[in-house]
Amino acid sequence: MIEEPRVGVFICHCGVNIGGVIDVPGVTEYASKLPGVTHAEHSLYTCSEAGLAAIRKAIAEHSLNRVVVASCTPRTHEQLFRETVKEAELNPYLFEMANIRDQCSWVHTHEPEKATEKAKDLVRMAVAKATLLEPQTEPEVDVKDASLVIGAGVAGMTAALSMANQGFKVCLIEREKEPGGIVRRLYKLYPTLARSSEVVGPLVKAVKSHRNIELMTSTTLKEASGYVGNFNVILTTPNGDKEANVGTIIVACGALNYRPPQGLYQYKVLGKVVTQEELDGILRRDDLGKPERIVMIQCVGARKGEIRPSALEAFPRSDTAELLRKILKARKEEGWPYCSRICCMNAIKNAILVKEKSPKTDVVVLYGDLRVYKEYEDFYKRARDLEVRFVRHIEEIPPEITQTPEGKLDVAAYDALSGLEVKFKTDLVALSTPLRPRRGEVLLARMLKVPIGTDGFLMEAHLKLRPVDTNVDGVFIAGTVSGPKDVSESIISGEAAAARASILMGNKKVRTDAITALVDEDLCIGCGLCEEICPYGAPKIEAGKSKIREILCRGCGSCAAECPRRAISMRHFGDHQILEQVKALLAPAG
Amino acid sequence: MQKAVMVIGGGIAGIQASLDLANRGFRVHLVEKDPSIGGRMAQLDKTFPTMDCSICILAPKMIECAHNRNVQLLTYSEVKEVKGSIGNFKVKVLRKTRYVDESKCNGCGICAQNCPSEAPNEFDESLGMRKAIYMPFPQAVPRVMVIDKDSCIECGLCDKVCPADAIDREQQPEEIELDVGAITVATGFDMFDPSVIPQYGYGRLKNVITAMELERILCASGPTGGHLIRPSDGKIPRNIAFIQCVGSRDRREWINHPYCSSICCKYAVKDAVLIKEHEPNTVVAIFYIDLRAFGRGFQEFVNRAKSEFGIRFVRSSPGEISEDSSTSNLVVWFEDPTTRTVQHNSFDLVVLCPALMPRKGVEELAKILGVELDNYGFFRSADSVRKPLDTNIPGIYACGYCLGPKTGDVPDSITQGSGTAGRIAEILAVREGP
Amino acid sequence: MGESGLSSLSSDFMHEVANTPRGRGVLTCIQCGRCTSSCPVARVVEEHNPRKLMEMIILGSRSDVLLGQLPWHCLSCFTCLDRCPQGGDVGETMFAIRNLAVRERNMPRGTLVQAQSLFDTGRVVTPSRMALINRQRYGLGKEPAVDVKDVQKILRKTCFDKLASRGS
Amino acid sequence: MKYAFFLGCLIPAREPNYESSVRKIAPELGIELVEMEGANCCAPFSIQSVDHMSWLALAARNLCIAEQMGLDIMTLCNDCYESLLMGNTILKEDKEIRDKVNEILADVGLEFKGKTEAKTLVDVLHKDIGLGKVKDAIKRPFNGLQVAIQPGCHLTRPKRIHFGEWMGVTALDELVETTGAKSIAYERKESCCGGPLRGINDEVAQHVAKQKLDAIKAASADCIVTVCPFCYLELDMGQLEIKRHMQLKEEEYDLPVLHFAELLRIAMGMELEDWEIRAHRTPITRVLKM
């Protein structure tokens, strides 16, 4: 039986974000009169040090046993307020949040009165639920001090080394026979023009010789189960399947170079049309010879068309493979909508290498925008000093490539600045193509429950704030799996992912959210529907009854909704609690 | 004993590095020269592409720093001396005088309400005023007032009204010594002063402002309460121009910022969209040289800015701006890339996007640390490809914009912050095992 | 090499200009257009467009550049020099272009007259007899004489005489 | 102070009134001018457009003459100034070119050693003599005279060899204001007068000059003050030409144009002679009356 509720309500102005639209004092006044409310106050920023101090103070002074904050959104702030409540020796789950900014003041800017009324409704509902809240305990699990790194490119190897140097065991698997990823196949790297082997070589040597790293090449992930701190994975190796048990997983399996379909810009039709990747190979093999001219075309298969997120919302986030299959199919022909970030520098790098090998060769770069960000501007200058010619063409009119009688190529483009057609007779055409997501890794993402974005790359937990985390605890991403990056950027993200993973492993224990499914065994008939529906594999039928493995449960509620006997309820989101909210909405108090 | 590290600079990169190190079990001394941590991100209105309110998503991290048992906040402090080497640096930090007792002040702000003396508010790019005793911004961490002696008139009112008896006029600067195993630098950036390019009229023409000033004007808690108005007459600008590469990509010896600042194109598009959301009837044009919308989601965002919000993109770098003295409207002279002739358009407001440059005083800090700077005054990577976060001194690392425009935006800064945490954990953790 | 909507493109024209004295600036151009929007002539003469001239050089449109009037519209006021963000010396490159144009027999009458006057008298402008008489009247004394022989020795050595004897 | 006096071509031919005023004020301000015997044309932009080496060789020859006199050069013309200053800079910095030029000069028995500086009247008055000394020499200040100065391009550009693109107060502003006159601000004060195209492309030259005159008119100046004979010609004679070629009303432009040396001379209490007043195409008498 719950003790007599003493609810404290704290309403936030969020500067003018809320205060500028909603009559906050009015709402506070209203809240103070609601049944069960002992105390109500408002502050400019409840999330500020002062606002939080006020909550702690009120809990002590008015011996509150429930707390409601009406403010921005739980997405960014629920954790902060729970911590605060906890600091005041109250169970963090005796806290409820009303979203009166994102879902009220921001969307009703032009109707302040109605917005204020809605805010009152939202607060009333939150209070109603709060009175029925029960304390919860967050399950704690041990974290195995070993990590699985998928992909031995520069990002993966960097991450592996960082963790290994910290004393953690690392299992580093690579699909190919040799570690090094796509960088291994490159000739030289911008902007230092160091040979790629100078970068990859030392890393390979280090991972091979490190006592804490087990490098397994020609190996892929077959199966992954378990949860943060305790993942069980099955690896397919040349000598049969191997099992491993790790605490964290870092996905660093890279991306692929987009290959234009046959015929696009005469690719695979006329032999003298190659990709920058292939030109890089030609330069490495020193097969260039002394061509009179090379024309490079930027953004081939990049910044083309656009995937509207709305178009793909139909897909359940969990079915990543299907989503990617659709995306890849759609993109194979017309290319990708995003900017691949590295192609401009790549083209400039190859242009410089060509000029160094064959100074007389005239190099023309057809571009739309040259995105030589950072200090790469100096690299661009270096190319111009070598008399590489940069010509801005009208991207909407793709250059036409035809063969001349004497076996050369004619590239006809429209100069964007003069608006005139320009033709270049050339010996070689190099197409700058973007990095694109790999397909295989997405099956893997599905295994690990990591969602992918509409651009086909794996999704960060938060695009801004958690760039190397995923929304699956214990699984991190590094390198180009989350979008195009150059070598230094991939190395940095490898370090970052390792740092994030090491925190879990270093602390040896981790707490997870208490909001999980709960089975009433008296009602459960063990039909197994929950087992089928659960995207996280939490329920398991044992002895005719459903057992929820809390640590796997993400609290999504699918099982509870599906259960024919209403045997499953959600902690912190019980039917009785939600119905109380609905009642409060329909029956305005006072 | 527990290994300690020092983080210099309390912006988003420094905060991320501190939290990751602290949660990894290291004792972190976070040294910030300003009275509050938060840095540049705290000044921004919204952040692309999620359009989250910048301070709203930053504040929880700032507060986490304050609450984390492993983090010692040394705000309003500066590094004065560094001796020793990797594994054991001896650092002298000067704690400047707030004239307010940190242990007593609870930041209630009654003193500021009563303070009669005002000064320009740095946090608002001096567009608004603050008192001589003040809190840098509402979400400041730590929540402690500070007295700015230059504008204080010594009236003593704050003493009288302070309920916590926290005012301490006798407070002396204090030098503390720290032993740390490693150091990471995250001192961030300053903005180029556009008045160095006279023909754009910044400082001379009232309605020519910088992008950072615009951020404050757009910000709900800014000097105009989030209302988009122009300086000359407080009217809503109906026609706004952004000018890119003001001092960036500039090789003139008296400017010398040849690099691309990497973020201007992106925040300009973001601001343009924000403006349309504030004032749907306002027309926005962006003058650029190359539109550098690289990085995840940016190209798609630019497409939306064009198709959904009708932002006008003009590939041309204007030569000069003149003023119609009767209206204070601005005439921007540029080459129309479609007609290839010189045109002049009138705008109510012009926003300059200045180059980002190293923080004032980094040369001094670099000397103290003994680390190298690059030609432009940013911290030089030991190897720009292989060791991007290392400096030339083992045990000293750098992250965020103080490394130069290696940072494309906030996530890059955060990744680098975590990255340096990784580098440091590598060298320090191994000594005592995991 | 190949043909084009512009008259025939020569891939090495940019090289030629870049390696003519004062012509290096063409390599720094990023086509931002600040020179044109700063140019006092571009405001009154639509066709005059320094940025476009740089672009035509990069494209290799040799004849359009060297046989046209555009290089001769430039005032050499050097506004573009101070404003080019790349320190690109557009105004300087104009001299390289005009030097090359002169060798293509493209030079305005006025310039030719001044050049010939320089060779004949050591001055681009020579005082009329009246002006010389007035000098005495105004008490300005005799005007300092030019050592024409030396001037001509020098100009022969630089082949200026041949350039100045040509003309459009 | 002693200077090698470089007169150039245009002034003796067309603007003796500029020269005469300079010769009047110089001794009063302690400036001693020594003629440069045998000096040739500076090789202005028109000549530089024809051939690079010819320019440098001719500029070098003038510089050598000054070197032999052991004096710095003072010019009265921005074009001469730029030509000698740039030439001097290049020859001093670039050994390869210097050797080439010296090889050419050998035939006329000269060698460039880089021992002289090229200065203009404004440099000399502002830097060497100093505003104080100039002020002291003022006997008849022009109180309240609104002056629009035309500094001319090559007094200020390119920035890397000059003071840079001037905005606001400049050396010339300060010098003008020593005479008690007010140097007013107007749109694009630092811009070109169009003069360089005079005789090469008169139409363009006049359109550029017109922009200048309109801006000055809009700022309601009493008169224009120049330091360059080309600016003077383009803005003085130019007013008549523009009115004629563009069929404008007679009263459209009648802005008096003075050489700065004349303004200073009058302020120093030395009246202009009739021929000097008549030398102006624009009516300057109303300025003299102030």
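Throughout, protein chains are lettered first and strands after them, A, B, ... in sequence-line order, and every chain is numbered starting at 1. The structure presented is a predicted model; accordingly, all values stated were derived computationally and were not measured.
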Are side-chain heavy atoms of [X] and [Y] found at a separation under 4.5 Å?
X	Y	result
D:Leu233	D:Glu15	yes
D:Lys212	D:Ile216	yes
D:Asp99	D:Glu103	no
D:Leu105	D:Cys64	yes
D:His154	D:Phe45	yes

message: For D:His259 and D:Tyr232, I'd like to know if the aromatic rings sit close, meaning centre-to-centre distance below 6.0 Å.
response: yes

task: Indicate, with yes or no, if the rings of D:Tyr81 and D:Phe6 have centres closer together than 6.0 Å.
output: no

message: Using heavy-atom distances under 4.5 Å, tell me whether D:Gln48 contacts chain C through its side chain, its backbone, both, or neither.
response: both

field: Heavy-atom neighbours of D:Lys92 NZ exceed 12 at 6.0 Å
entry: yes

Give the member of [options] that has the highest number of heavy-atom pairs under 4.5 Å with chain D.
options	value
C:Ser76, C:Gly122, C:Ala131, C:Ser38	C:Ser76
C:Arg135, C:Gln69, C:Lys153	C:Arg135
C:Ala96, C:Cys77, C:Pro127, C:Gly110	C:Cys77

Taking every heavy-atom pair that is under 4.5 Å apart, which of [options] has the most such pairs with chain C?
options	result
D:Pro16, D:Cys42, D:Ala57	D:Pro16
D:Met53, D:Gln211, D:Glu37	D:Gln211
D:Arg188, D:Arg14, D:Glu82	D:Arg188

message: Set out, in order, the CA-CA distance, both residues' side-chain angles and the distance that settles side chain to side chain donor-acceptor pair (under 3.5 Å) for D:Thr156 and D:Glu190, then state yes or no.
response: CA-CA 8 Å; D:Thr156 64; D:Glu190 75 290 350; over 6 Å; no

Chain D contact via [X] - side chain, backbone, both or neither, heavy atoms under 4.5 Å:
X	value
C:Thr111	both
C:Val45	side chain
C:Cys74	backbone
C:Asn134	neither
C:Leu155	side chain
C:Leu81	side chain

- line: Ordered numerically, the heavy-atom neighbours of chain D under 4.5 Å found in residues 25-36 of chain C are none

query: Mind checking what makes side chain to side chain contact (heavy atoms under 4.5 Å, CB included) contact with D:Glu96, not counting sequence neighbours?
result: D:Asp94, D:Lys100

message: Tell me which one of C:Val146, C:Thr121, C:Thr126, C:Val124 satisfies side chain to side chain contact (heavy atoms under 4.5 Å, CB included) with D:Cys9.
response: C:Val124

field: Stepwise side chain to side chain contact (heavy atoms under 4.5 Å, CB included) check, C:Val102 with D:Asp51
entry: CA-CA 8 Å; C:Val102 166; D:Asp51 183 54; over 6 Å; no

